[in-house]
Amino acid sequence: MPITTDVVIIGAGPAGLFQVFELGLLDIHAHVVDSLPHVGGQCGELYPEKPIYDIPAYPVIGAQELVDRLMEQIEPFNPQFHLSQTVTELQQKDDGRFTLTTSTGTEFDTATVIIAAGLGAFQPRKLRHQAAADFDGKNIHYKIIQAEKLAGKDIIILGGGDSALDWTIELHDKVNSLTLIHRRTDYRAQPASVNKMKALAEDGKLVEFHGMVRDILVDEDKFQGLSVADAEGEIHEIHGDDVYVFWGLSPNLGPVADWGLDIEKRQINVDTEKFQTNVTGIFAIGDINTYPGKKKLILSGFHEAALAAFAVQKHLNPTKRVFLQYTTTSPIMHKRLGIEKDES
Ligand code: FAD
């Protein structure tokens, strides 16, 4: 059964999160879908530790702290998050409502859609060698789902970040052999994990190798491993049953491009009154949209979310007159925010 709702927000970056708040003030409940397993968009995925200096009223705030505070702010509105799933299909029905489907099969029947998809859905950075596509999902993988199935196998892990190191340490004594390949000698992972991995390598419990993947080794259509060039350019053949690539995630516009929207240079054209796209009922806010003078800033996404919320309300209730209410003084706003009335 599809989930029937007034609004689905695609993207849980700062714009999508603040959209929940602005809709909530107008008593509109939202479902939020994101392809990442956590909220926060670029702030959470690309620069959680970095300080931001241009959020109003915060001389400085860490990117993850901003996300945490947005989550705290939207708590009264109880949004429903559908994480680790990418919205793959969006179709308008004859009655004007939309059917929206995700990669895990969640289906929504929604009156409006707000696309807050930023730079696109975050996807794993892939091995780009010619034969890689032939072995994608067979011998070349980008996530580990059932670690116990790797027992007895010769495993190659690519990467130098936390995922690569965590899995290296986790799997080294559960598989037949494990080779960690990283292109540099310095790692992005936590120093404690790096030290642990190096100690295991010194004890001969795994192999640490530095080099660049040059090719996929194939024999009679069977995957054999990788050829890797070391710092001197010498080629080494590293044999294995399966490769797990942990090169991080990069955003990809992906399915958004296929929904019949007016897209210019990978951004969706909107008006600046409603932030509506060329399809009535589909709105776009944050980094994903464009209009004259657009600046890809968190601040811009917040403003766009506020106006889009009023436009969504109008779309849902065209005849209802809406009055602007201040959160400071409006009892209705206080009720929606769950604020106790101060009797003193
Ligand atoms: P995003 O943060 O990109 O979030 C979009 C979300 O949508 C993602 O989580 C993605 O997974 C999801 N998504 C996309 N497509 C789909 C789909 N089909 N299905 C499901 N989910 C989907 N801005 C500032 O204002 N000040 C700064 O100081 C600043 N510093 C920055 C520093 C760095 C290093 C970077 C990279 C950016 C910085 N920015 C800064 C820019 C700021 O991060 C972006 O403007 C902001 O994140 C845009 O928010 P958003 O919600 O529109 O999109």
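Every number for a ligand or one of its atoms is a count from 1 in the order of the listing.
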Identify whether F81 and V33 are in the same connected component of the hydrophobic contact network (ILVMFWY, side-chain heavy atoms under 4.5 Å).
no
Provide the full list of ring pair (Phe, Tyr, Trp, His ring centres under 6.0 Å) pairs with a residue in residues 83-133, sequence neighbours left out, each pair given once.
H31-F108, H82-F108
Which residue pairs satisfy the side-chain hydrogen bond (donor to acceptor under 3.5 Å, both in side chains) criterion with at least one member in residues 254-274, sequence neighbours excluded?
D262-N269, E264-N269
Please walk me through it: do D109 and R97 pass salt bridge (charged side-chain N to carboxylate O under 4.0 Å, His left out)?
CA-CA 7 Å; D109 170 358; R97 292 177 64 88; 2.8 Å; yes
Taking side-chain hydrogen bond (donor to acceptor under 3.5 Å, both in side chains) as the test, write out the residues that go with E304, two or more places apart.
N289, Y291, K294
Whether the Q313 and N317 side chains hold a donor-acceptor pair (N or O, under 3.5 Å, no angle test) is what I'd like checked.
no
Using a 3.5 Å cut-off on N/O to N/O, what pairs does ligand 1 make with the protein? A line per pair would be great.
residue	atom	partner	partner atom	Å
ligand 1	2 (O)	Q42	N	2.9
ligand 1	3 (O)	Q42	NE2	2.8
ligand 1	9 (O)	D34	OD1	3.1
ligand 1	9 (O)	D34	OD2	2.7
ligand 1	11 (O)	D34	OD1	2.7
ligand 1	11 (O)	S35	OG	3.1
ligand 1	15 (N)	A121	N	3.2
ligand 1	18 (N)	V87	O	3.2
ligand 1	19 (N)	V87	N	2.8
ligand 1	21 (N)	S35	N	3.1
ligand 1	25 (O)	I298	N	2.9
ligand 1	26 (N)	D54	OD1	2.9
ligand 1	26 (N)	D54	OD2	3.4
ligand 1	39 (N)	Y47	OH	3.2
ligand 1	43 (O)	Y47	OH	2.5
ligand 1	45 (O)	D287	OD1	2.8
ligand 1	45 (O)	D287	OD2	3.2
ligand 1	51 (O)	P14	N	3.4
ligand 1	51 (O)	A15	N	3.0
ligand 1	52 (O)	D287	N	2.9

